[in-house]
Amino acid sequence: MRYNPAKIEKKWRKKWFKEKTYEPDLVRAKNPYYNLMMFPYPSAEGLHIGSVRTFTGVDIYGRFKRMQGHDVFEPIGLDGFGIHSENYALRINQHPMKLAKVTEKNFYRQLSEIGNAFAWRERLETYDPAYYQHTQWLFIQMFKHNLAYRKKAKVNWCPSCLTVLADEQVIAGKCERCGTPVVKKDLEQWFFKITDYAERLLANIEKLDWSDPIKTAQRNWIGKSEGAELEFRIKNHESSIKVFTTRPDTLFGATYMVLAPEHPLLANSTLQMANREAVEKYIQAAAQKSEIERTAAGKEKTGIEVKGVSAVNPANQEAIPIWISDYVLATYGTGAIMAVPAHDERDFEFAKKFKLPILQVIEPNSSFIVVISRSLNKNFYEQIQKFAKVTPGTGTWNGLNLIYTEEVGKVFDIAEKNFTSGPWYIHSEGPVKKILLHAADGKNERFDWGNKDEFRKAYEFGIKIEIKKEQLDFSDVYAAYIGEGVLINSGKFNGLKSEEAKWAITKAVGGEKKVQYRLRDWLISRQRYWGPPIPMIFCNDCGWQPVPDKDLPVKLPFIREFRPTGTGASPLASVKSFHQVKCPKCQGRARRETDVSDTFFDSAWYFLRYPSVHAKISKLEIPWDQEITRRWLPVDMYIGGAEHSVLHLLYSRFMTMALHDWGLVHFEEPFATFRAHGLITKNGAKMSKSKGNIVSPDSYMKAYGVDAIRLYLAFLAPLTEGGDFRDSGIRGITRFLMRVWNFYQDPKIKLARVSDEKIQKLVSQTIQKVSRDIQNLQYNTAISALMIAMSGFEKSPENVSKEDRMQFLKLLSPLAPFITEELWSIWKQKGTIHHSRWPEARVEKASDTAEFIIQINGKTRAILEFPRNISEAGISASLAKNNALAKFFIAPPKKVVFIPGRLINFVI
RNA sequence: GGGAGAGUGGCGGAAUUGGUAUACGCGGUUGACUUAAAAUCAACUGUCCAUUUGGACUUGAGGGUUCGAGUCCCUCCUCUCCCACCA
């Protein structure tokens, strides 16, 4: 029979669907495994080849888990609400609500073709009222738990999309979607208080089985820093300015202050400004500047002094000038800083430009103490001695005092410190940029010289790093910052070490210790049409009231004029029948909120909904069944794009944590394991319609079959790596599939009952390799192993037992589900291959012999078989007789390195 | 400017984590089959000498540690991604 992928794919797809092959029993499953991929936002262009790779990649893993005995749940849905879809509708001049129906159909068609083991019954769409009634319910819960609040704030406004953007959607000052520079606009908005959870979101990261870059990205996004909040009085005025600083020890060096242009004090009319007009002009100019202009890299700082007003440095009661500059962010800390130009690069730059006084208050200490190594080897000593010698007169060696390094070109003190046991020495030759720390447990830790966090870590580890004044330019901020300097010009605090002084000074001036996060509250409101209406009603008498549960969902009405108005109001604001409502409390006249919520809110909880899509839940209740949720969640394996490493993943964690605190879910973290897949590019660029480089999977699937495409995409590279799409290698895969097909064509062939030893070994190795590789998402090498196995089979087909043939099919089945299912049935096996048990590698008898790598001077000269337990003497004697190697043994070797059972190396 | 990561044949990529570098596949060369082509099958395919049996050199560049380095350390170069005035 000829291999006809189209025919067999159609047949099995239908059968699997009919027999619910991939629908686990959500209520009773014994061994649940929630295998999830990030659900796509559907564009009418359809799936591109990159998403097919991700989806099938996730599916391969799920099928593998199923055969290992798990009840795998692999749901699919569409993240169809939001700017993505709406912008697309705008572009092609169609109504998003109508368009959604079209894209939905197209997407589900494509998704059904790629051979994934989706649980089709549980699909969901975020724009379906049956779904977003729960989204709205959750909003109300957020409100009731004081996690949703309104705030008038400067928001990021995209003049092109005519909407407000979250900070996360502003990329280097530009709109994430259209690249237009973002401006600031004042609007009253709904926010979620994610900052309440900053500390837990940060702390929990440690516990997650996520790839490290993603964890780092989340840590940086949360951006914790510890410092103090200090208050500066304003001279001859009742108000004061609060600042946040991580360096309260430098307070005496604060020679001026800088306020953000948006700082509320500047609007205070009782302030006696001598140059109010000029100040207001500056503020206005700053407001009009786009984010990108204000934050452009290397941009020269601008600013204006507030004349006639001064602040009082609480440390020494000296009057210091107040400046305004847009390098100070209104949204971080208190929107004001104390400027210490001697110890901060930006302040320094500013002070130089405007000729402001610079006062040094930290004197780097004279002894430089580092690090390292209790396992001193002799080279270490030699190096240290070498350096010590080249700088005669710089100190004693025996007491380990001075050492020379090139970078700073100066001398460092090395002294023994109070470590529990030592000695600890500097480990460096040449420039000291990185410092190697040998910890007690034998692990090495590296500390980056230029990185203040790393240095803090070193500091906490108990290593004091102090820097001589003449050793560094004062502009080397990080070094100076970290250097445990000693205070000077600081009155009674002189002589105190930085770290002690921080809190002593804070206390003395009545400041308080404070932790500051970079993370800001999550802006939920969108002045757009295509999203779930925010279920809130404003009544003049009763204030903001949630829509009563019984009135959910607040349906998004079909309106003709869905385009953004550009006025800052949602298109829904012009629909009277929508927003004219009664107050749920007093029944008086009230106005419904006309903004919709952010798409990221839809996707922050969808994984909770999937297993409960068909559970019996009234809309007044929690949107998921407690029993089912307990069984299936948290998600076991989550795979998605690295571009969501902060936004979606952080929001989902936040939501889950809040729900946990309200007792609605039993876990804090939604995704036990997360892996980011690689990005498939085309001609080096991300696939996008605008670049015209979208590769559609349809024609490929038609031409080669789905199995071939799945294999090919898996074969490109490990799933976690990306790559450029080329179809040149696809022939290798079709050849392989053809060989597999042909090999299994005759089920009546006479076969050995048991494979010969060689085949047995091959099968066993392949099982091991494929199992390990699929577990690690390295499908490329799994396929390679299967190809090797097939080549081995083809050399002696009659020696491959039926059992081993079936083992091979099973190994291939997650990757190529159709062809294997067909061959499985041709060979009259019971049921579906996809519910068969994953093969276990035969436990091989440890053979008595082993292959030894024979090296001469570290170079491999031969690989020979010897008894596994042969001794060094035994192997040497035997090798001396070996003709090919005899020439190396004219003289006895200087040294022999012998690793039993594995390797012998003769140094001659 | 900060953070994360990567440099291996003509190409995609392997290398049980310090022990045969270039698995597997693409592409290429030659041959078989064919009137011919495609498909298929077989052999070869990192570079340079010797071309027989070998030998030398090769993982961005340079240095180091080691009996032994693609893998660990240092310096430099190049590229990709993320973040970006966060006090």
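Please read all numbers here as calculations on a predicted model, not as lab measurements. Here is how names work: the chains are called A, B, and so on, in the same order as the sequence lines, proteins then strands, and each is numbered from 1.
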Task: Nucleotide pairing, RNA chain B (Watson-Crick or G-U, distances under 3.5 Å), in dot-bracket with [ ] and | - done: (((((((..(((......[....)))((((((.......))))))((((....))))..(((((..]....))))))))))))....
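To the nearest whole angstrom, the two C1' atoms, one in B:G27 and one in B:U80, are 26 Å apart. B:U52 and B:G9 have their P atoms separated by 30 Å, given to the nearest Å. A gap of 13 Å separates the C1' atoms of B:G10 and B:U29, to the nearest Å. Taking the P atoms as reference points, B:C82 lies 45 Å from B:U30, given to the whole Å. With both ends at atom C1', the span from B:U20 to B:G70 equals 14 Å, rounded to whole Å. For the C1' atom pair drawn from B:U59 and B:A21, the interatomic distance equals 7 Å after rounding to whole Å. Between B:U40 and B:C33, the distance separating the two C1' atoms is 9 Å to the nearest Å. Distance noted for atom P between B:A39 and B:G28: 10 Å (whole Å).
In this view, A:A311 and A:F232, A:M257, A:I320, A:I322 satisfy the side-chain contact (heavy atoms from CB on, under 4.5 Å) rule, not counting sequence neighbours. For A:R735, the side-chain contact (heavy atoms from CB on, under 4.5 Å) partners two or more places apart in sequence, or in a different chain, are A:R731. In this structure, the side-chain contact (heavy atoms from CB on, under 4.5 Å) partners of A:A351, at least two apart in sequence or on a different chain, are A:Y256, A:P341, A:L356, A:I358. Scored by the salt bridge (Lys or Arg N to Asp or Glu O under 4.0 Å) test, A:R675 finds A:D209 as partners (sequence neighbours excluded).
Between the CG atom of A:D521 and the P atom of B:C86 there is a distance of 20 Å, given to the nearest Å. Distance, A:L647 CG to B:C82 P: 12 Å, rounded to whole Å. At whole-Å resolution of the value, CG in A:L259 and P in B:A87 are 18 Å apart. One atom, CD of A:E721, and another, P of B:A15, lie 11 Å apart when rounded to the nearest Å. Rounded to whole Å, atom P of B:C82 lies 22 Å from atom NZ of A:K215. Rounded to whole Å, the distance from CD1 on A:I222 to P on B:G3 is 19 Å. The interatomic distance linking A:D773 (CG) with B:G13 (P) rounds to 16 Å, in whole Å. Look at CZ on A:R518: it is 14 Å from C1' on B:A87, rounded to the nearest Å.
Below the 3.5 angstrom threshold, one finds a donor paired with an acceptor across the side chain of A:R520 and the base of B:C86.
Counting only N and O atoms by type, the side chains of A:Y3 and A:T734 include no donor and acceptor under 3.5 Å apart. Of the N and O atoms on the side chains of A:D347 and A:Y327, at least one donor lies less than 3.5 Å from an acceptor on the other residue.
A:N776 contributes no side-chain N or O that, together with a main-chain N or O of A:Q778, makes up a donor-acceptor pair within less than 3.5 Å. Using a distance-only test at 3.5 Å, with no hydrogens or angles considered, no donor-acceptor pair links the side chain of A:S784 to the main chain of A:N780. Checking side-chain atoms of A:S325 against main-chain N and O of A:T302 turns up a donor-acceptor pair under 3.5 Å.
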TODO: Classify every nucleotide of nucleotides 18-29 of chain B by which part a protein heavy atom approaches to under 4.0 Å, writing B for the base, S for the sugar-phosphate alone and - for neither, in 5'-to-3' order.
DONE: -BB--BBSSS--
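Ring pair A:F354/A:F350 is tilted by interplanar angle, where 30° to 60° counts as tilted.
Each of A:E794 and A:S225 was assigned the nucleotide of RNA chain B with the nearest heavy atom; the assignment lying further toward the 5' end belongs to A:E794. Between A:T334 and A:A717, the residue anchored closer to the 5' end of RNA chain B is A:A717, taking for each the nucleotide with the nearest heavy atom.
Using a 4.0 Å heavy-atom distance criterion, A:L716 is classed as a sugar-phosphate-only contact.
Distances shown here put every side-chain N or O of A:Y517 at or beyond 4.0 Å from the OP1 or OP2 atom of B:C86.
The existence of a salt bridge linking A:R739 and A:E794 is confirmed by a sub-4.0 Å separation between a basic side-chain nitrogen and an acidic carboxylate oxygen.
Its glycosidic angle being within 90° of 0, B:U17 falls on the syn side. An anti orientation is assigned to B:G5, its glycosidic angle lying beyond 90° of 0.
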